Amino acid sequence: MEKGNYVLNSVEDFDVGQTLECGQCFHFKKIDENEYGVVAFGKLLHIKQENNFIIFYDTTEEEYENIWKNYFDLDRNYSEIKKYLLKKDNKLKLAMDTMWGVRILNQEFFEILISFIISQNKQIPHIKQIVATISRKYGNYLGKIGEEEFFGFPSCERMSDISLEDLKECKTGFRAPYIMDAVSKVCDKTIDEAILKAANMNVCLENLQQIKGVGEKIGNCVMLFGLEKREAFPIDVWIKRIMEFMYFEGEVSKDEIAAFAKKRFGKYGGYAQQYLFYYGREMKMGK
DNA sequence: ATCCAGGAGGGCC
DNA sequence: GGCCCTCATGGA
């Protein structure tokens with residue numbers, strides 16, 4: 001049965017390529033210019049942007065409404081967010097104007113948790129590769145675009161019977177025991193998505209840090225990308241360099257940067273972080 | 001080749 | 001608390 005395409009036009013503040021390539025997501029494959037295969041919520045999406053048109057291939061309106069609209073955060077008014085941030089800090093203008101089409105995806109908690117545990121001390125292409133390997137070996141086959149096959153990220157239950165050795169074969173290295181710990185704590189509800197979502201930032205971070213391999217940075221990434229806590233401000237090596245370059249003279253501690261960001265960017269820290277991270281990384285700022 | 005990557009744990013003081 | 005070393009793997 002043919003499903004047909006679902007097409008949006010004139011969505012403001014949204015660029016598919018920027019949104020996927022800005023470093024928040026590791027589970028997609030570029031097909032062509034502004035054309036991607038994206039995996040989330042057990043589905044494969046073939047999406048393409050042409051100027052103002054966004055084409056969701058083989059997608060029903062129902063699937064769009066139930067999954068992709070929220071996944072791409074399309075219900076949110078980004079012009080209001082931008083206005084708020086610019087009022088707080090005009091220094092963000094260049095990064096924001098350049099990376100104008102970034103939206104913060106609402107990704108799945110468990111996949112984000114595991115993906116960012118993997119991310120530690122790794123470069124983005126390699127993180128994507130490991131996520132793809134784990135999905136290919138343990139996730140469900142979802143279909144292909146051209147010759148490229150796509151697989152869903154395995155559930156926590158599925159991952160609970162993967163051995164340490166098998167995880168290491170996915171090139172996770174010293175992170176393998178961390179992943180095992182995360183899987184067991186999510187499976188036995190020591191870590192519970194609903195409770196974390198409802199909790200405030202401090203409690204949430206404290207809970208996440210019970211997991212081995214989750215510290216302040218990864219905890220903040222999980223809160224921002226997987227728990228819809230948009231005030232979270234993850235500080236990695238890039239953001240540290242970028243913030244030092246833009247707002248300080250020379251090196252400062254991460255604690256100092258965190259306090260500064262909280263005061264300066266407030267409830268929308270996560271958006272500011274994402275514009276700065278993507279722009280600064282593209283510009284190789286401070287390197 | 002040496003250094004570094006969307007860091008964090010552990011030992012030491 | 002802070003400082004230093006280590007962890008596995010690949011790319012520059």
Side-chain angles (χ1 to χ4, degrees), chain A residues 18-28 95 99 102 104-105 107 109 111-134 137 162-185 191 204-227 229-246 251-259 261 265 269-287:
Chain A
Q18 287 181 6
T19 295
L20 291 171
E21 304 279 6
C22 72
Q24 62 178 320
C25 178
F26 306 112
H27 209 154
F28 66 91
M99 303 311 179
V102 170
I104 294 187
L105 298 168
Q107 301 184 72
F109 168 71
E111 176 169 350
I112 281 291
L113 174 62
I114 303 301
S115 299
F116 276 95
I117 287 173
I118 292 166
S119 81
Q120 89 169 245
N121 226 42
K122 282 215 161 299
Q123 296 182 108
I124 292 173
H126 198 210
I127 302 164
K128 288 171 71 177
Q129 195 179 306
I130 295 171
V131 169
T133 302
I134 291 176
K137 285 181 82 168
I162 303 176
S163 70
L164 190 66
E165 292 69 34
D166 290 340
L167 268 178
K168 285 187 173 169
E169 276 183 31
C170 300
K171 307 297 181 187
T172 52
F174 64 84
R175 306 157 195 80
Y178 300 164
I179 296 171
M180 300 281 279
D181 189 49
V183 167
S184 94
K185 287 194 165 84
I191 294 293
C204 188
L205 183 59
E206 215 169 279
N207 272 278
L208 287 168
Q209 287 186 265
Q210 290 175 16
I211 302 167
K212 287 231 183 251
V214 178
E216 209 163 316
K217 189 271 170 180
I218 292 174
N220 273 282
C221 285
V222 174
M223 291 198 289
L224 178 58
F225 302 127
L227 291 169
K229 297 200 182 296
R230 302 295 211 247
E231 61 270 53
F233 192 89
I235 301 170
D236 69 320
V237 289
W238 276 106
I239 272 296
K240 185 169 183 295
R241 272 199 295 266
I242 292 163
M243 294 295 284
E244 284 166 349
F245 184 80
M246 288 183 62
E251 272 195 60
V252 286
S253 70
K254 290 185 176 181
D255 286 349
E256 206 168 330
I257 294 172
F265 307 129
Y271 300 100
Q273 195 272 3
Q274 213 45 39
Y275 291 124
L276 288 170
F277 174 80
Y278 190 23
Y279 178 72
R281 192 164 59 89
E282 291 289 300
M283 299 296 133
K284 303 188 188 306
M285 193 182 285
K287 280 205 88 171

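All heavy atoms count here, side chains included; hydrogens, waters and symmetry mates do not. Since the model is a prediction, treat every value here as computed from it, not as a measurement. Here is the naming used below: chain letters follow the sequence lines, and residue numbers restart at 1 for every chain.
Here the closest heavy-atom approach between residue A/F233 and residue A/G269 is recorded as CD1-O, 3.3 Å. Residue A/C221 comes nearest to A/I112 through the heavy atom pair O-CG2, 4.3 Å, listed as atom of the first residue, atom of the second, then distance. When every heavy atom of A/I117 is checked against every heavy atom of A/R175, the shortest pair comes out as O-CD, 3.7 Å. Between A/C204 and A/K229, the shortest heavy-atom contact is SG-CE, 3.7 Å. A/I114 and A/A182 get closest at one heavy-atom pair: CD1-CB, 3.9 Å.
What separates CD1 of A/I118 from C1' of B/dG6 is a distance of 13 Å, to the nearest Å. In this structure, the NZ atom of A/K168 is 8 Å from the P atom of C/dT9, given to the nearest Å. As rounded to whole Å, 15 Å separates atom C1' of B/dG6 from atom CG of A/L113. Taking atom CH2 on A/W238 and atom C1' on B/dG7, their separation rounds to 16 Å, with Å as the unit. In this entry the distance linking NZ of A/K240 with P of B/dA5 reads 11 Å, nearest Å. Look at CD1 on A/I130: it is 14 Å from C1' on C/dC7, rounded to the nearest Å. For A/I211 and B/dG9, the CD1 to P distance is 11 Å, given to the nearest whole Å. Rounding to whole angstrom units, CD1 of residue A/I239 and P of B/dG7 are separated by 12 Å.
Projected onto DNA chain B by closest heavy-atom contact, A/C22 and A/K212 fall at different nucleotides, the more 5' of which corresponds to A/C22.
For residues 251-259 of chain A, proximity to DNA chain B is found at no residue, defined as any non-hydrogen atom under 4.0 angstrom from a strand atom. At a non-hydrogen distance threshold of 4.0 Å, A/G213, A/V214, A/G215, A/E216, A/K217, A/I218 from residues 213-220 of chain A come into contact with DNA chain B. The stretch residues 279-287 of chain A has no heavy atom under 4.0 Å from DNA chain B, so no residue of it qualifies as close.
Taking atom P in both B/dG6 and C/dC5, one finds a spacing of 23 Å when rounded to whole Å. The separation of C/dT6 from B/dC3, taken at their C1' atoms, amounts to 16 Å, rounded to a whole angstrom.
Note that CD1 of A/I179 is 11.0 Å distant from NZ of A/K168, once rounded to the nearest 0.5 Å. Going from atom CD of A/E244 over to atom CD1 of A/I239 covers 11.0 Å, rounded to the nearest 0.5 Å. To the nearest 0.5 angstrom, A/K287 atom NZ is 5.0 Å from A/W238 atom CH2. A/L20 CG to A/F28 CZ: the interatomic distance, rounded to the nearest 0.5 Å, is 5.5 Å. A/N220 CG to A/I235 CD1: the interatomic distance, rounded to the nearest 0.5 Å, is 7.5 Å. One finds the CD atom of A/Q18 at 11.5 Å from the CD atom of A/Q274 (value rounded to the nearest 0.5 Å).
In this structure, the side chain of A/Q24 does not engage the main chain of A/F225 through any donor-acceptor pair within 3.5 Å. A side-chain donor-acceptor contact under 3.5 Å links A/T172 to the backbone of A/L167.
Aromatic stacking of A/F277 on B/dG6: satisfied, with centres closer than 5.5 Å and planes within an angle under 30 degrees.
By the neighbour-count criterion of 12 heavy atoms within 6.0 Å, atom CD of A/E206 is sparsely surrounded, having that number or fewer from other residues, nucleotides or ligands.
If you check distances only, the side chain of A/Q209 never reaches the base of B/dG9 with a donor-acceptor pair under 3.5 Å.
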Collect all protein-nucleotide pairs involving nucleotides 10-12 of chain C in which both atoms are nitrogen or oxygen and the distance is under 3.5 Å.
none

Using a cut-off of under 3.5 Å, enumerate the N/O to N/O pairs linking the protein to nucleotides 11-13 of chain B.
none

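Closest to the side chain of A/N121, from the set B/dA5, B/dG6, B/dA8, is B/dA5.
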For this session: Verify side chain to side chain contact (heavy atoms under 4.5 Å, CB included) between A/V222 and A/V214, making sure each step is shown before the conclusion.
Result: CA-CA 9 Å; A/V222 174; A/V214 178; 5.6 Å; no

Only distances under 3.5 Å count here; give the side-chain donor-acceptor pairs of residues 119-132 of chain A to other protein atoms, sequence neighbours excluded, each with its distance to 0.1 Å.
unit_1, atom_1, unit_2, atom_2, d
A/S119, OG, A/F116, O, 2.7
A/Q120, NE2, A/G213, O, 3.4
A/K122, NZ, A/H126, ND1, 2.9

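Residues A/M223 and A/E231 form no side-chain contact, since every pair of their non-hydrogen atoms from C-beta on lies 4.5 Å or further apart.
Under 4.0 angstrom from either OP1 or OP2 of C/dT6 there lies no side-chain N or O belonging to A/R175.
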